[in-house]
Amino acid sequence: MHKNLVIVESPAKAKTIEKFLGDDYKVLSSYGHIRDLKKKDLGIDIENNFEPQYEIPSDKKKVVSELKAEAKKAETVWLASDEDREGEAISWHLYDVLGLKPENTKRIVFHEITKNAIQNAIKNPREIDINLVNAQQARRILDRIVGFELSPVLWRKIKPSLSAGRVQSVAVRLIVERERDIRAFKSKASYRIIALFNAKDKEGETYEIRAELNKRFNTKKETLTFLDECKISTYTIEDITTRPSKKHPAPPFTTSTLQQEAARKLSFTVAQTMMIAQRLYEAGHITYMRTDSVNLSAYAINGCKETITKTMGENYVKTRQFQTHSKGAQEAHEAIRPTHMNNETISGTAQEQRLYDLIWKRTLASQMAEALLEKTTATIDVSESKEKLVASGEVIKFDGFLRVYRESYDDDQEQEDDSRILPPLSVGQNLERKLITATERFTQGPYRFTEASLVRKLEELGIGRPSTYAPTISTIQNRKYVEKGDIEGEERKYNVIELKDDKISDEIMTEIAGRERAKLIPTDVGMVVNDFLIDFFPKIMDLNFTATVEKEFDDIAEGKKEWTETLSTFYDRFHPSVEEALETQTEHRVGERILGDHPKTGKPISVKIGRYGPVVQMGSSDDEEKPRFAQMRKGMSMETLTLEEAIELFKLPRSLGDYEDKEVKIGVGRYGPYVHHNSKYASLPKKYDPLEVTLEEAIEVILAKREADAKKHIKSFDEEPDMQVLNGRYGPYIAYKKKNYRIPKDKTPEDLSLDDCLAIIKDQQENRGKGRRKKTTTTAKKKTTTKKKAKDTKKK
DNA sequence: CAGTGAGCGAGCTTCCGCTTGACTT
């Protein structure tokens, strides 16, 4: 029998550790927390000094009973959860729930999963740090109070099922405020001057040189004056300066930086990155993927050193330990790195391989020498102007870590000029003017957040933890506070003026400005909820709220403060604001905007958040005539909706008159404009304007739909009315009990018997799960690999 | 993927951080 039971948090970790410890030790996993506040109700007895009411969640009952049984059999139980606030609490809950005894329970911690580290930990056990546990309890209870008191206020005041919390509400705030900054941004135009010259070197070889004016002109007049001067100028190299510079490698990955780089380099969502990383971790390829530390173990650094020396030579090695700067970091784990650096590649899916490759290269690069660069700047005199042109170039003298890894930035296009190489030039050399272009450019407003850049911001503010970044982003999207989408951008005209030979040409060009992909955009509900929360709960919504309470939790952990005391102080200030928010009666609903009166009927028109989201209302509920409601169209927003737009919305649905004694109506629904007749709907083709379409045209649409419906029906069976063979947009299919099944290619739909259909259905039901999943991953693979190739070549 | 376009009611919704599967798309 095992003398010792070791409990860790993760089963993958348990497996590895068991190998190091030998037969006397059994290692099991708690799968994270085993106990939490009651699921229903508040789960805290506030009257009784914030006494938490814990329970074991149903999905943890099995783990707990197994752990209990094994603990009973063991002589010594080793609690080896992570050395941070949550880990300490897990140990404490285990101690309590499993009914452990102080004399045969030991608390141990280790930061790296190596035989040495673990044997060392076993030699140096300690006791559970109750202060740290209390800090966790305070954190947990505060979050529950905030979430479970704020959310019901939103249900009452705005809309059911909404939620608010310390982390998610601030995340939404960041997105809402960014959106408003963008809407308020006014871009300024200026002229950017680029000049192309021919220069000859000593051998008489001709090179092209690209130079830029060291300032921009704010007006067209100034620009034209300059170009006129250029026309009659000679160009001489006035000065050349060369200055060396260094580039340093980025630290190894944490959860947040991995999510950012995987988004930029591999186009993964944060959830995808975490899923793939989890698989790599479980397969033993990488260390733990939820970490805030940039620390590498001596083993890892040594592994890097060996690999670099072997493949590139010793001059590429420069080992270093990075410092973790991020706010609130707890550093229970190492950075995310390959378990063994000598595995340059691994087996697995294409996505797994690509993420591994990224981690391997980043880790290796972090222990490599700086890149040495030389930046050359040549100043060009323009004889008839006081302005100077500047040509700059950068040469890599020693590539160092750049040989392996280059970090990406969100605004890559800004860096275009850097890697240009200047030909050999000398002071006093004359240059031959080829082309000077003045392009009207516009200042760029702030960018919307991507999932990854939001994670970066949250981490910067110390809000959320590695294990919650991805779930938080899902939550705010599930609540419909935020949507991920593309911004189409707008056409913009800009002026291009060229000086070639002795002619100045002037041209107006168009471009698409402000196009953005996969960005987080706040919804109307998100904005209304955000404004409401800021109004009534400014402290909770303060970007520094988390950082402030974290300090309190630190004090508790250090034994400087009583945890219930901290909670009590917080609650005494927080709870009255909840009461106040509930009691405040407003004339209008939260977020409601009164747009004005309808010019003909005089009825008031307003927009507000209704039971099912934003809704436009005409007329008031205490009026004799019932108010009418309308949904906003795609692209409209509550904040910017005008009275005119709202009036348009009420022009539909409109009646066109009767056909076959039934009314024909035109409306706009979730899927666009439709014709409604005899309780049937038909989509209105794009060529018709719903406000202009005539009865005759609508009848055509109805008849076309009837014909399609007639063709749709291929076969049905008297003995089984649920079974139908139908013709759909994508060819014939079988419809059975609300589900659809495709017909194998070798079968003729018209000849199918009921038994044939049942057989097809049975076959597809069996294959469904596996078959489909496989199919989606393979297509995803193809897509991502081609993209990767494109990016890689670009980099070289 | 396979066809949509509504809303009475009664009762429910909700937090953050630890961890994985077991479920469908």
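Chain letters run A, B, ... following the sequence lines, proteins first and then strands; every chain starts at 1.
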Asks: Fit a plane to each ring of A/His333 and A/Tyr288, take the angle between them on a 0 to 90° scale, and name the class: parallel (under 30°), tilted (30 to 60°) or perpendicular (over 60°).
Replies: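 Taking A/Tyr288 first and then A/His333, their aromatic rings sit tilted (interplane angle of 30° to 60°).
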
Asks: Ring of A/Trp155 versus six-membered ring of B/dT14: centres under 5.5 Å and planes under 30°?
Replies: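 Not stacked: fails the 5.5 Å / 30° test.
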
Asks: Do the side-chain N or O atoms of A/Arg479 get closer than 4.0 angstrom to the phosphate oxygens (OP1, OP2) of B/dT14?
Replies: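 Yes.
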
Asks: Do nucleotides 16-21 of chain B as a string where each nucleotide becomes B, S or -: B if the base has a protein heavy atom under 4.0 Å, S if just the sugar-phosphate does, - if no protein is that close.
Replies: BBBBS-

Asks: Sequence neighbours excluded, which residues qualify as side-chain contact (heavy atoms from CB on, under 4.5 Å) partners of A/Lys651?
Replies: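 Counting only residues at least two positions away or on another chain, A/Lys651 forms a side-chain contact (heavy atoms from CB on, under 4.5 Å) with A/Glu648, A/Leu691.
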
Asks: I'd like to know if A/Ser163 reaches the base of B/dT14 with its side chain such that a donor and an acceptor end up less than 3.5 angstrom apart.
Replies: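 Such a pair does not exist between side chain and base.
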
Asks: Give me each pair satisfying salt bridge (Lys or Arg N to Asp or Glu O under 4.0 Å) with a member in residues 271-280 of chain A, each pair once, sequence neighbours excluded.
Replies: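 Residue pairs with at least one partner in residues 271-280 of chain A: A/Arg279-A/Glu352.
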
Asks: Per the salt bridge (Lys or Arg N to Asp or Glu O under 4.0 Å) rule, what does the pair list look like for residues 144-153 of chain A, sequence neighbours excluded?
Replies: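 Sorted result for residues 144-153 of chain A: empty, none.
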
Asks: Can you tell me, in whole Å, how much space there is between the P of B/dC23 and that of B/dA2?
Replies: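 B/dC23 and B/dA2 have their P atoms separated by 25 Å.
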
Asks: Under 3.5 Å, side chain of A/Ser683 to main-chain N/O of A/Tyr674, donor-acceptor pair present?
Replies: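 No; judged by distance alone, with no hydrogens or angles, the pair does not exist.
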
Asks: What pairs with A/Phe574 under ring pair (Phe, Tyr, Trp, His ring centres under 6.0 Å), at least two apart in sequence or on another chain?
Replies: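 So A/Phe574 forms a ring pair (Phe, Tyr, Trp, His ring centres under 6.0 Å) with A/Phe570.
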
Asks: Calculate the interatomic distance between A/Lys159 atom NZ and B/dT14 atom C1'; express it in whole Å.
Replies: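 It works out to 14 Å between those atoms.
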
Asks: Could you write out DNA chain B as dot-bracket? Rules: Watson-Crick or G-U wobble, both distances under 3.5 Å, brackets [ ] for crossings, | for pairs with another strand, dot for unpaired.
Replies: .........................

Asks: Compute whether any side-chain donor of one residue and acceptor of the other, for A/Arg479 and A/Ser163, lie under 3.5 angstrom apart.
Replies: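 A pair is found: one side chain offers a donor N or O, the other an acceptor, under 3.5 Å apart.
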
